[in-house]
Trainee: 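I have a structure here, written as structure tokens, and I will follow up with some questions on it.
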Amino acid sequence: MSEAIIEAVALEKSYPQPDGTRIQVVGTTNLVVESGKIIALLGPSGCGKSTLLRMLTGLSQPSSGSLLWHGKPLNGQTPNVAIVFQSFALFPWLTVLENVEAPLEARGVPAVERRKRALRSLDTVGLDGFETAYPKELSGGMKQRVGFARALVVEPEVLFMDEPFSALDVLTAENLRSELLELWTSKKMPTSAIFIVTHNIEEAVMLADRVMVLGRNPARVRSDFNVKLKHPRDRKSQRFVELVDYIYKVMTEPEAEHTLPDAEATAEIILPKGGLKEAIRKQEAPVRTSRYQMLPHARVGGIAGLLELLHDRGGHEDLFRLSEDLVMDIEDLLPILEACALLGFVRLKEGDVQITPAGSVFSEADIQQQKVLFRQAALEHVTILKQIDSILKRKSDHSIADEFFHDILDEHFSEDEVQRQFETAMNWGRYAEIFDYDRESGRLTQAEPPVASDAPALNHSTPAEKS
């Protein structure tokens, strides 16, 4: 059994509300960061991956539970970790060398020693010769190498990476993944473990020794397993494809239970010393998890485009193949698929997507007909749009302030998510002509519904049921 560096025991994050309750963002979570392993954390957008990472690194305090470092509580101390960010986060007024020296300077390391360590770190990531360059002179891949060097120069015991390759083009990202893996396997990195947050399923299976998949509302570990494949890994091998397909199923069917193809690959659960009871603190206020319908953050154009593509392909497609053909990460594709499923236009099952009769009708309709069909689907399936439509019909002036719906959403989601939910609802509702929205006045007004005399009615029955 590998040594446990970081142990999260009943870790939970929630945010207080005016009524004294709390919105739970990260549910009670137990996990271990082990020595000698690359751990990948996957999950849909907005599920709480980065929140969990910030708690594990000490940047954010949990609402309850405890974080142990080598079996002992941190007690306010900063753990020996470093973070590589998605956005590079370099100081534009400093040279490459000065950027790498910055964390050492902040720790009070003498000038000669920090210069020596920074040069060694730059050499490790292949940036020797660029010490005097400024960030604006570097490509995206080189900027991220500087980020790696800056993280490694402090010789962290655990290197955390928050979607480090997502801002790069495909080829550059692939090259950097290979370089990271080479540094790790050759033991050229002064670190004992890597914890990487990613939305790229193939990236996780390609790099990680262990993969964790989060669910959301609140965030919780839905799957945790070891990847027993030797490096370098073959993307086309049967086992690789099985694991990718399994993760797709877990992420696209959040309420279903899925079994890992190989039971022997299941990760061993390590319980911290003292058990869970001793680590769980009583909360002062009750926790309310969000049970209000969460809208996927997808625009109507993406929904319509995906339905047309599926219809052209015969109405059925494997999600892995669809993601590859569209050159889209699951993080980008999943909200569109979830939106189509919510509206009754597709079914997601066993890692596949199947267009429904309603989805086929929508994909074949003209623009005006699609508006009518979208309106029907939205008012049938989307709670907040049904509420808005009902309230506007009952108001004497058929108008209401947007603050009313902000307050409704605020009871169920965090502050950032409230705004995203509202924007998605506005995008869908305005397209479907359920209401008009004036941002200056902040008011929603009932709109005249779209008219298409020959628009077919949505039918959610299967072809067999029709006959």
Trainee: Examine distances only and state if a side-chain atom of Ser390 and a backbone atom of Gln387 form a donor-acceptor pair shorter than 3.5 Å.
Mentor: no
Trainee: Is Leu214 close to Val26 at the side-chain level, that is, under 4.5 Å between some pair of heavy atoms?
Mentor: no
Trainee: So Phe225 and Tyr246, would you call those rings parallel, tilted or perpendicular, with 30° and 60° as cut-offs?
Mentor: perpendicular
Trainee: Once salt bridge (charged side-chain N to carboxylate O under 4.0 Å, His left out) is applied, do any residues pair with Arg394, and if so which ones, sequence neighbours excluded?
Mentor: none
Trainee: Angle class for the Phe374/Trp428 ring planes (parallel below 30°, perpendicular above 60°, tilted otherwise)?
Mentor: perpendicular
Trainee: Short question: side chain of Ser60, backbone of Arg54 - any donor-acceptor pair under 3.5 Å?
Mentor: no
Trainee: Can you list, pair by pair, the side-chain donor-acceptor contacts under 3.5 Å of residues 296-310, counting residues two or more places apart and other chains?
Mentor:
| from | atom 1 | to | atom 2 | distance (Å) |
| --- | --- | --- | --- | --- |
| His297 | ND1 | Thr424 | OG1 | 3.3 |
| His297 | NE2 | Glu417 | OE2 | 2.9 |

Trainee: Sub-3.5 Å donor-acceptor pair from the side chain of Lys13 to the main-chain atoms of Gln61, do we have one?
Mentor: yes
Trainee: Checking the side chain of Gln354 only, and the main-chain atoms of Gly315 only, is there a donor and an acceptor separated by less than 3.5 Å?
Mentor: yes
Trainee: For residues 195-206, which residue pairs qualify under side chain to side chain donor-acceptor pair (under 3.5 Å), counting only residues two or more places apart or in two chains?
Mentor: Glu163-His199, Arg177-Glu203, Thr198-Glu203, His199-Asp329, Asn200-Asp329, Glu202-Arg235
Trainee: For Gln421 and Met294, indicate whether the former's side chain and the latter's backbone hold a donor-acceptor pair under 3.5 Å.
Mentor: no
Trainee: Would you call Ile194 and Leu180 a side-chain contact if the rule is heavy atoms closer than 4.5 Å?
Mentor: yes
Trainee: Say you draw a straight line from CZ of Phe85 to OG of Ser50; how long is it, rounded to the nearest 0.5 Å?
Mentor: 10.0 Å
Trainee: With sequence neighbours left out, what residues match Glu403 under side-chain contact (heavy atoms from CB on, under 4.5 Å)?
Mentor: none
Trainee: For the residue pair Ile196 and Leu159, establish whether any side-chain heavy-atom pair is separated by less than 4.5 Å.
Mentor: no
Trainee: Has Asp366 got a side-chain atom pairing as donor or acceptor with Gln368's backbone, closer than 3.5 angstrom?
Mentor: yes
Trainee: Any sub-3.5 Å donor-acceptor pair from Glu12's side-chain atoms to Gln24's backbone N or O?
Mentor: no
Trainee: Tell me, please, which residues at least two apart from Glu317 pass side-chain hydrogen bond (donor to acceptor under 3.5 Å, both in side chains).
Mentor: Arg313, Arg321
Trainee: Could you report the tightest heavy-atom contact between Thr185 and Glu182, atom names first, then the distance?
Mentor: OG1-O, 3.4 Å
Trainee: Hey, what do you get for CG (Asn99) to CH2 (Trp93), rounding to the nearest 0.5 Å?
Mentor: 8.5 Å
Trainee: Quick one: does Arg222's side chain have a donor or acceptor within less than 3.5 Å of a partner on Val250's backbone?
Mentor: yes
Trainee: If every non-hydrogen atom of Trp184 is compared with every non-hydrogen atom of Thr191, which pair is closest and at what distance?
Mentor: CZ3-O, 3.8 Å
Trainee: About how many Å separate CE of Met206 and OG of Ser178, when rounded to the nearest 0.5 Å?
Mentor: 8.0 Å
Trainee: Will you find, in the side chains of Glu423 and Asn427, an N or O donor that is under 3.5 Å from an N or O acceptor?
Mentor: no
Trainee: Shortest non-hydrogen contact from Val211 to Ala208?
Mentor: CG2-CB, 4.0 Å
Trainee: Evaluate Phe195 against Val81 for side-chain contact (heavy atoms from CB on, under 4.5 Å), listing each step before the verdict.
Mentor: CA-CA 10 Å; Phe195 189 100; Val81 300; over 6 Å; no
Trainee: I'd like to know if Glu448 and Arg375 make a salt bridge, using a cut-off of under 4.0 Å between side-chain N and carboxylate O.
Mentor: no
Trainee: Are the side chains of Gln369 and Val361 in contact, using a 4.5 Å heavy-atom criterion?
Mentor: no
Trainee: Less than 4.5 Å apart, any side-chain heavy atom of Val84 and any of Gln144?
Mentor: yes
Trainee: Evaluate side-chain contact (heavy atoms from CB on, under 4.5 Å) for His316 paired with Asp352, printing each intermediate quantity in order.
Mentor: CA-CA 7 Å; His316 182 272; Asp352 294 339; 3.7 Å; yes
Trainee: Say you draw a straight line from CZ of Arg420 to CG of Leu295; how long is it, rounded to the nearest 0.5 Å?
Mentor: 12.5 Å
Trainee: Might you work through the side-chain contact (heavy atoms from CB on, under 4.5 Å) test for Glu380 and Lys386, ending with a clear yes or no?
Mentor: CA-CA 7 Å; Glu380 181 180 351; Lys386 284 192 283 188; over 6 Å; no
Trainee: Quick one: CD1 on Ile434 to CG on Leu392, what's the gap to the nearest 0.5 Å?
Mentor: 9.5 Å
Trainee: Output all residues satisfying side-chain contact (heavy atoms from CB on, under 4.5 Å) with Leu138, sequence neighbours left out; order by chain, then residue number.
Mentor: Val96, Phe130, Ala133, Met142, Lys143, Val146
Trainee: Sub-3.5 Å donor-acceptor pair from the side chain of Lys49 to the main-chain atoms of Gly43, do we have one?
Mentor: yes
Trainee: Between Phe404 and Ile391, is the side-chain contact (heavy atoms from CB on, under 4.5 Å) condition met? List the steps.
Mentor: CA-CA 11 Å; Phe404 179 80; Ile391 291 170; 3.3 Å; yes
Trainee: Say you draw a straight line from CD of Gln376 to NZ of Lys371; how long is it, rounded to the nearest 0.5 Å?
Mentor: 14.5 Å
Trainee: Check whether any side-chain heavy atom of Ile388 lies under 4.5 Å from a side-chain heavy atom of Met426, and answer yes or no.
Mentor: yes
Trainee: At their closest point, which heavy atom of Ala10 faces which heavy atom of Asn30, and how far apart are they?
Mentor: N-OD1, 2.6 Å
Trainee: For residues Leu31 and Leu56, determine if any side-chain heavy atom of one lies less than 4.5 Å from a side-chain heavy atom of the other.
Mentor: yes
Trainee: Nearest heavy-atom pair of Ile384 and Ala425: which atoms, and what distance?
Mentor: CG2-CB, 4.1 Å
Trainee: Looking only at non-hydrogen atoms, find the nearest pair between Cys47 and Arg216 and report the distance.
Mentor: CB-CB, 3.5 Å
Trainee: Does the ring center of Phe435 lie less than 6.0 Å from the ring center of Phe405?
Mentor: no
Trainee: Has the side chain of Asp209 got a donor or acceptor atom that lies under 3.5 Å from a matching backbone atom of Ile38?
Mentor: yes
Trainee: Side chains of Val213 and Ile247: closer than 4.5 Å at any heavy-atom pair?
Mentor: yes
Trainee: Between Asp397 and Lys395, is there a side-chain N and carboxylate O pair less than 4.0 Å apart?
Mentor: yes
